[in-house]
Protein chains: 2
Amino acid sequence: MSDELPALPWERARRRPGPARVPLTRDRIVEAAFAVLDRVGYEKLSMRQVAAELGVAVSALYAHVNGKDELLELMYLQMYEGWQPPVPDPERWQEQVQEYARTGRAKLHEHRDMARVAMTGFPFSPEALPHIDRLLGLFRAGGLPDRIVGAAGDVLSTFVNGFAFEESMWETRRHESNGDTHDQSPEENWQEMRETLERYFSELPPERFPNLVALSGIVLDNTNDDRFDLGVEIIIRGLASFAEDASPAAGPSSAAPLPSGEPGDA
Amino acid sequence: MSDELPALPWERARRRPGPARVPLTRDRIVEAAFAVLDRVGYEKLSMRQVAAELGVAVSALYAHVNGKDELLELMYLQMYEGWQPPVPDPERWQEQVQEYARTGRAKLHEHRDMARVAMTGFPFSPEALPHIDRLLGLFRAGGLPDRIVGAAGDVLSTFVNGFAFEESMWETRRHESNGDTHDQSPEENWQEMRETLERYFSELPPERFPNLVALSGIVLDNTNDDRFDLGVEIIIRGLASFAEDASPAAGPSSAAPLPSGEPGDA
DNA sequence: ATGTATGGTGAACGCTGTTCATCAACGCCT
DNA sequence: AGGCGTTGATGAACAGCGTTCACCATACAT
C-alpha cells in the first residue's frame, strides 16, 4: 500500500521487480486463514486455500506454522487475545458473569464457524491461563465455595461454546440448503427458519409429542439471544444458590463476602 | 453362526464356495464403524477402514449409506436407540434429571470419541423427537415455566455433550503422548494425569495466577465423575429456582405442582 | 565478488470421500 | 432346464487433503 509510487531508477537495482514482497509471518497467515474461514466455512478451510489467499505455495506455510492443528490453535488464541474477564466487583458479579458470557458468544460470532475452530483445539493452552485465572477470580468474588468454582467454569464455558457451536451448525445447514441466495439478510433468514420450524413443530401429532407442540410457540418466539441469555441466567442462579452469603436465587444480591483480595492487575 | 455345519453335498451346488456371504446391511456397517472407532479413534475413522473391517470394497458401502455424514449420524442415532428419559415423577424430578444426565454421559463413554461423533452431526433429527419430547416433559413436571423449559434443554444437553467432548479430547491427547503404553488401566492413567496437572498448577507463579494455584488442590482432587455431577447440580439448582412452586434451591423439594397430566406412554 | 543462510517453490507421497462403468451371482419366468 | 433381468459388490478413477523434501533464488555478510 505504501509502495505504489513508481520506483526511482537507482532503487530499481535494489528492489526486485514486481510487487514488493511482504514477508510471510504467522500473523499474516492467521489473518489469511480468517479470511478463508469467513468466505468458505470451516469444512472447506484448508492449508491450500490459505496459501492461495496469500498467493504463496502451500509448503511455505509450514516454515511458520507446524501444521493445520497449530494454525487452528493460533486462530483460537488470537480470538481470545486482549479479552479478559472483568476485575471482580463482588456487588455485581452476576451481571459481570452475564456480560462475560455474552461477549464470549459475540467473539465466537466474529468469524464464521469460529465455534467449531474453538472446539477443534485442545481446551488447555498456557496462553489462556491468565484468562482462566481471572474468570475463576470472578466466581470467587461471588462468594462461591472453592469446590464449586471449578465446576462453574466447566458449566459456563461448555454452555457458551456449545451454544455457539449449535448456532454454527444451523448456519452451515442454512448455507447448504439455501445455496447462494444472498438476497436476504442473515436476520431475515433466521426469522424465516424459525417460522418454518414453528410450523413444523405445531403440525406434529400432539398425542405423540405433547410437550413439543405445546412449547413450539413459546420457545421459538424467542430469538437466539434471548435463549442464550436465559441459559446463562439459569447457570448463574444455580451458582448463586451455592454462594456462601445468603441471597441465593431470587432478586439482586445485596452484598457478598470474601472479595478474595485480588489486586486489579498483577 | 447357524451355518457352521459342513454343507451337505447337494447343498454344495446351491451355496457358493468359501465363507457364507452375509449380506451387507446398514446395521452391519454401523457395527463395523463402531469397531473401527473404538480401535483407531475418531480422527482416523474412514470409510475405507470401515470397508476393510467388513472385508468389502469401499464403494459397496455407498449402496447402503449416503456418505460418511450419514454413517456418523446413524451411529449417533444408534447410541440413543432404546434410551428414553424416565416418565416424569414430579416428586423426584431433580434426581431424575441427575440420573438422566449421568446415563447420557455414560452412553457417550460406551464408545471411544463418541462425543465427537455426536458433535459432528446436525443436532435435530426426527428420530430424536420422542426423546426430546420426554425430556421436556420431565422439566415441565418439575413445575418449570414454559419459557424456561426450552433453555433448560439447551443448558443440560450442552453441558453433557461438552463435558464428554472435553473428556474425549483429553483422552486422545493421552493416546498421542503415551503412544502404546497399555500397561496402565485407564483409571490409573487419569489419576497420573491429574497428579501431573496438579503439580503443574501448584508450581505456577502465585502472584500471576492466584486463583489457579489456590484452587489447584481442591479442583483436581475431584474425579471427573464428581466434577460432572457438580456441574449438573449447578444446573438443576438454577432450574429449580424458576420452579413455580416454592422450594427453590436449598434442600430436597417437597412437592411440585403442575404434573402436566401426561400419560406414561403415548 | 563470493559465499552463505533464510525462506519460498514445485513436485511428490499417502491418505481421504465419492462416483462410475463393469461384472458376477441370484431368483424368476418361460 | 435355460435364458434373462435385477441386485449389489467391485476396482479404478477423480479431486482434494495435510505434509515432506530436494531444489533454488534472493539478500545479506564477508
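Lettering follows sequence order; numbering is per chain, from 1. Keep in mind that what you see is a predicted model, and the values were worked out from it rather than measured.
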Could you tell me the separation between the [atom1] atom of [X] and the [atom2] atom of [N], rounded to a whole number of Å?
| X | N | atom1 | atom2 | value |
| --- | --- | --- | --- | --- |
| B:R28 | D:dG8 | CZ | C1' | 13 Å |
| B:N66 | C:dT19 | CG | C1' | 13 Å |
| B:L61 | C:dT18 | CG | P | 11 Å |
| A:R26 | C:dG8 | CZ | P | 14 Å |
| B:H64 | D:dT10 | NE2 | C1' | 13 Å |
| A:M47 | D:dT20 | CE | P | 11 Å |
| A:L71 | D:dT19 | CG | C1' | 14 Å |
| A:K44 | D:dG16 | NZ | P | 9 Å |

List for me each residue that meets salt bridge (Lys or Arg N to Asp or Glu O under 4.0 Å) alongside [X], sequence neighbours excluded, and say none if there are none.
| X | answer |
| --- | --- |
| B:E43 | B:R116 |
| A:R173 | none |
| B:E171 | B:R174 |

Listed nucleotide nearest any side-chain atom of [X], set [options]:
| X | options | answer |
| --- | --- | --- |
| A:V58 | C:dT9, D:dT19, C:dG17 | D:dT19 |
| A:L24 | C:dG8, D:dG11, C:dT16 | C:dG8 |
| A:Y62 | D:dT10, C:dG17, D:dT20 | D:dT20 |
| B:S46 | D:dT10, D:dC21, C:dT16 | C:dT16 |
| B:A60 | D:dT10, C:dT16, C:dG8 | D:dT10 |

Return the set of residues passing side-chain hydrogen bond (donor to acceptor under 3.5 Å, both in side chains) with B:N161 (not counting sequence neighbours), or none when no residue passes.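 Listed in chain order: nothing, the list is empty.
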Of all residues at least two apart in sequence or in a different chain, which pass the ring pair (Phe, Tyr, Trp, His ring centres under 6.0 Å) check with A:F163?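 A:F163 satisfies ring pair (Phe, Tyr, Trp, His ring centres under 6.0 Å) with A:F159, A:F228 only.
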Among residues at least two apart in sequence or on other chains, which ones pass ring pair (Phe, Tyr, Trp, His ring centres under 6.0 Å) with A:H131?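 A:H131 satisfies ring pair (Phe, Tyr, Trp, His ring centres under 6.0 Å) with A:Y80, A:W83, A:Y100 once adjacent residues are dropped.
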All N/O pairs under 3.5 Å across the protein-nucleotides 12-14 of chain C interface:
residue : atom : partner : partner atom : Å
C:dA12  : N6   : A:R48   : NH2          : 3.4

Find the bend of the helix from C:dA1-D:dT30 to C:dT30-D:dA1 as the angle between its two terminal axes (five pairs each), to the nearest 10°.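 If I round to tens, the end axes sit 20° apart.
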Before accepting this row, confirm whether a basic side-chain N of the pair A:D225/A:R105 lies closer than 4.0 Å to the acidic partner's carboxylate O.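 Salt bridge between A:D225 and A:R105, a charged N being under 4.0 Å from a carboxylate O: yes.
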Keeping the roles fixed (side chain from B:D133, backbone from A:N211), state whether a donor-acceptor pair exists under 3.5 Å.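 A pair under 3.5 Å: yes.
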Polar side-chain contact A:S59-C:dG8 base: donor and acceptor under 3.5 Å: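 Not at all, since no donor on one side and acceptor on the other fall under 3.5 Å apart.
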Under the ring-ring contact (aromatic ring centres under 6.0 Å, His included) definition, can you give me all pairs with a residue in residues 23-74 of chain A, not counting sequence neighbours?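 Checked against ring-ring contact (aromatic ring centres under 6.0 Å, His included) - neighbours excluded - the pairs reaching residues 23-74 of chain A are A:F34-A:H111.
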